[in-house]
Amino acid sequence: MKIVVFGSINMDLTAYVPKLPLPGETLLGASYITVPGGKGNNQAVASARLGAQVLFVGRVGDDIFGKQVLKIVAAEHVDVSQVAVDKEKGTGLAVISVDQNAENAITVISGANWALDASDVARTEKCLDGAKALLLQLEVPMEASLQIAEIAKQKGVKVIFDPAPAVPLPERAYHGIDFITPNETETEILVGLRPQNEKEAAEAASILHQRGVENVIIKMGSKGVYYDTVDSRGFIKPYKVKSIDSVAAGDAFNAGLAVAISEGLPIAEAVRWGAAAGAIATTRKGALPAMPYREELLKLISEQQ
Ligand code: RIB
C-alpha cells in the first residue's frame, strides 16, 4: 500500500533542558542529540515503520547534513529517489529544546525546504499512480502544497493535510484536501478558538467544515482527539504512556492515521492508530528515532482498548 509524502526534511539539533528558556536567559542543559527530523520526513519514516510503501518528495542542500539525513532515511525503507539536491540552499535545520515535562520549543531554518516549487510538484504528480494517500504539512511553500493537493484529490488519492506550523489558510486550501488535522494551537490560528475539550473541538470542527473540508480531526495531545468526518464523529481518549519528549508526536499521529485509512480501516479505528502512534512517539527521544513501529502500535491498541 503506497503513500506519498511531500514535505520538509531537516537535521534536528535537540537539547534536553530543565525548563524552556525565557527571553534573554541562558540555561544549562543535560544533553543533546543530532537526528533527522522535519515534519514531512517524520511522517514518511513513521508511515514506513507502520507498514506502508513510502515515497518522499522534498529537497536537501548539497551539504553534509543533506547526505547524512538521506542515508538514514533511505535505511528506513523510504524511497528518497525523488528528493532533489538544491545547489543554492542548505539542508533545513531545526533547533529544539525539550523540557522535563516533554514539552518542546522549535525554531526551524527552512533552507532547501522553502525552495520546493512547480518542478517538485511535477515530479510528485508522476509518482501518484497507485498511491492511497498524500501527506502534506506547511514547512514547505503553501503554493506547491496546494498544487499537488488539488492534483492528488482529482486522482482520488486521499489528501491528509497537517496545517503545521499553522498560518491562516486561503479558502482554496480547504477545498483541495480531504482531511485536516490541526492540534489545539493550530486550531486557534485557523479558527480563533483553542479547544480544551470535546465540546470546544466540535465547535472548531464545525467552522472548518463550513470552510469546505469534509473531514476534521483535532489533535489535543493529552486531552484526546476529536474527529468529525463524512463517515462518523467521536472522541478518543489519550493512550497512557510515559512521555519524555513530544517532538514529532503530531507527525506520528498523521502517519498512523494515513496508514490505517490506506488499509481501509474505519475512521474511528484510523484515529485510534493516529493517537497510538503519537503516544508511542512521546516515549522516545528525538524525531526520527521516536517514530512508531507497527508491532508496538498494535500492542498498545490491544492493551488499552
Ligand atoms: O514536528 C517535529 C518537527 O518539526 C521536527 O522534527 C523539526 O524538524 C520540525 O520540523
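We count ligands from 1, going down the list as the structure has it; atoms in each ligand are counted the same way. This chain uses plain numbering: 1 for the first residue, then up along the sequence.
Distance from atom 3 (C) of ligand 1 to its nearest protein heavy atom, with residue and atom name: Asn42 ND2, 3.7 Å. The nearest heavy-atom contact from the protein to atom 6 (O) of ligand 1 is Asp12 OD2, 2.6 Å. Ranking protein heavy atoms by distance to atom 4 (O) of ligand 1, first place goes to Lys39 NZ, 3.1 Å. Of all protein heavy atoms, the one lying nearest to atom 2 (C) of ligand 1 is Asp251 OD2, 3.3 Å.
Not one N or O on the side chain of Glu269 forms a donor-acceptor pair closer than 3.5 Å with the backbone of Pro266. Looking only at distances, a side-chain donor or acceptor of Asn215 sits under 3.5 Å from a matching main-chain atom of Val230. At distances below 3.5 Å, at least one donor-acceptor pair connects side-chain atoms of Gln304 with backbone N or O atoms of Lys240. Between the Glu186 side chain and the Asn183 main chain, a donor and an acceptor come within less than 3.5 Å of each other. When atom types are taken as modelled, the side chain of Asp245 and the backbone of Gly286 share a donor-acceptor pair closer than 3.5 angstrom.
Closest approach of Ala277 and Gly256 over heavy atoms only: CB-CA, 4.2 Å. Across every non-hydrogen atom of Leu116 and Asp120, the tightest pair is CA-OD2, 3.3 Å.
Interface atoms of ligand 1 facing Ala287, defined by a heavy-atom separation under 4.0 Å, are 6 (O). Those atoms of ligand 1 that come under 4.0 Å of a heavy atom in Glu139, given as number and element, are 4 (O), 9 (C), 10 (O). Residue Ala248 has at least one heavy-atom neighbour below 4.0 Å for each of these atoms of ligand 1: 1 (O), 2 (C). Every atom of ligand 1 with a heavy atom of Ala94 under 4.0 Å away is listed here by number and element: 7 (C), 8 (O). The ligand atoms of ligand 1 that sit less than 4.0 angstrom from a heavy atom of Gly37 are 6 (O), 8 (O).
Residue Val98 shares its hydrophobic cluster (ILVMFWY side chains chained together at separations under 4.5 Å) with Tyr16, Ile33, Val35, Ile96, Ile106, Val108, Val247.
Proximity of Asn41 to ligand 1, defined as any heavy-atom pair under 4.0 Å, is not found for any part of the residue.
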I'd like to know whether Asn113 forms a side chain to side chain contact (heavy atoms under 4.5 Å, CB included) with Ile9, so could you lay out the CA-CA distance, the side-chain angles of the two residues, the decisive distance to 0.1 Å, and finally the verdict. CA-CA 7 Å; Asn113 295 310; Ile9 181 165; 4.1 Å; yes

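In this structure, Gly250 falls outside the shell of residues with a heavy atom less than 4.0 angstrom from ligand 1.
In terms of N/O distances under 3.5 Å, ligand 1 is not approached by Ser8. Distances between N or O atoms of Gly38 and those of ligand 1 include at least one value under 3.5 Å.
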